[in-house]
Amino acid sequence: MFCRIKSGGIIGIEGFEVDVEVDVASGLPQFHIVGLPDKAINEAKERVRSALKNTGFQLPLKRITVNLSPSHLKKQGTHYDLPIALGLLKLSIGVEVREDTVVLGELSLDGKINAVKGVLPIVLSLKRAGYRRFVVPTDNEKEAGLVEGVEVYGFSSLKEVVDFFGGSLEKRPVSLSVRDILWQVNSFSVDLSEVYGQHQAKRALEIGVAGMHHLLLIGPPGAGKSMLAKRIVTIMPPMSFEEALEVTSIYSVAGLLDPKTPLITQRPFRSPLSNASDSALVGGGTVPQPGEISLAHRGVLFLDEFPEFSRKAIEALRQPLEDGQVTVSRVGGRVTFPAQFLLVVAMNPCFCGNYGNPYRACVCTPLQLKQYQKRISAPIMDRIDLRVWVNPVEKEELLSMNSGETSESVRKRVLRAVEIQRERFKGSSTKFNSRMSNEEVKRYCVMTQEAHNLLRSAVEKLDLTARGYMKVLKVARTVADLEGEEKIASHHMAEAIQLRIKEKAPTL
Ligand SMILES: Nc1ncnc2c1ncn2[C@@H]1O[C@H](COP(=O)(O)OP(=O)(O)O)[C@@H](O)[C@H]1O
Ligand SMILES: [Mg+2]
């Protein structure tokens, strides 16, 4: 006796079809699972056995073989419990599980159904493959229900599922209310206006976000670097629904979704600690999990106290910064996770932190300054377009509590610049000014004669490298876009040059 229940698996954040084939034959009672299962799946045997018993059913006392097909792809996770149990019940008591229904769910020993990882990407992929009906754990039903044009049924126990397929339990597919997927983009718990003064730094954040220029904040402790960084996502343009689904898929695979808020609508802000391992940072593990750089996808990756990060971890960032994705090797293959983020790095200028501080003296020796410099990864610095010196806020400014613009008002300008870039790069793989090829820089960075003169003198005075030169041009393009200007004028160029200067910092 043989039957097949449809389920799904996941590689990276892509789902694929899995047939759970169940065969019950006469012979000594045995229970085998084949088809490249991982350890968690092999433990399914015990969970299925107990769940069946505690729901009032018997595991057939026969030779049971479960094959997860296609057998060349590695399977991971605990969501095959439910399809296995249903396959057994179909064979033993004739529970009518429709073949067009995809089943996902982990069983606990008492027959309850637990939430599992990766439901959203599996449903998205299987919908593309033509499936329209899904049975999932109740705690994953909202997440699955985000996918349009499919019927999702959420269950919290094996008994319910059996009754549903047997026809004694009526159930309607999940329908999400608007509140469930409510766009909360404009309701942040922090705002840029909470940071007093720091006009130059705020302006740099605006330019960075508008053109996706990676950013360095450097200055003494307490200057407000971390405070500024945490507010960057509040001035970024809202995510599109597709972007939100993409981010949510990553969190789903990582098991970090809150069942109550199925869709992640705000851009992520990730701030890993400096002692994070490189696999925590870029992803990895025997069952590959997305790392911080993928959890920061479409948002901000903030590396606070940058020189404290291990060289190995930092070097691992290089490739993803180029590619916008990260490939993690594992036994039997490679897994790719998306990783497009705005990199924001903060650091003190020296060991004691007071180099360049107008209010306190630096007590570092020249040797210490040199050693500090050595800790900073040159290849990463090379990929950072904007360098901002953050002085402690001036006493006057603090006392006057001069808060300045709100995030919302800054975001409006950013949106305009992003729109302009969308038009500019239509049909190109480039999306932002910071990612322009040299060819595109030539085509799009048209400037006035005065701007050109300024650039020429900067090249000489600042001893700009070819790379530095390109960066100034790209930043100038973004500054002009923020004003809606087609031609780069001298004041745009001046601001771009300003943000390149090795002002004060001994270490850059
Ligand atoms: N410009 C500012 N406006 C308001 N508060 C500030 C400002 N700068 C610093 N602070 C206060 O000082 C604290 C420390 O700032 P923080 O961002 O942690 O500094 P840093 O990261 O540069 O060491 C903040 O939590 C905030 O309370
Ligand atoms: Mg800090």
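Every value quoted in this text rests on a predicted model; they were computed, and no experiment measured them. Residue numbers start at 1 and run along the sequence shown. Every number for a ligand or one of its atoms is a count from 1 in the order of the listing.
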Logged contact type for Q198 with ligand 1, heavy-atom cut-off 4.0 Å, is side chain

Regarding M227, does it place an N, O or S atom less than 2.8 Å from the Mg ion (ligand 2)? no

K225 N/O under 3.5 Å from ligand 1 N/O: yes

Work out whether the distance between some heavy atom of E194 and some atom of ligand 1 is less than 4.0 Å. yes

Considering only NZ, NE, NH1 and NH2 on the basic side and carboxylate oxygens on the acidic side, decide whether E405 and R413 come within less than 4.0 Å. yes

Spacing of Q76 atom CD and K117 atom NZ [to the nearest 0.5 Å]: 8.5 Å

Out of G222, P221, S226, S193, whose heavy atom is nearest to atom 14 (C) of ligand 1? G222

Do other residues, nucleotides or ligands put more than 12 heavy atoms under 6.0 Å from the CZ atom of R311? yes

Against heavy atoms of G224, which atoms of ligand 1 measure under 4.0 Å? 8 (N), 9 (C), 15 (O), 16 (P), 17 (O), 19 (O), 20 (P), 22 (O)

E450 side chain to N453 side chain, donor-acceptor N/O pair below 3.5 angstrom: no

Any atoms of ligand 1 less than 4.0 Å from a non-hydrogen atom of Y196? List them with their elements. 1 (N), 2 (C), 3 (N), 4 (C)

If only side-chain N and O atoms count, and only distance matters, is there a donor-acceptor pair under 3.5 Å linking T478 with N433? yes

Residues K442, E439: salt bridge by 4.0 Å N-O rule: no

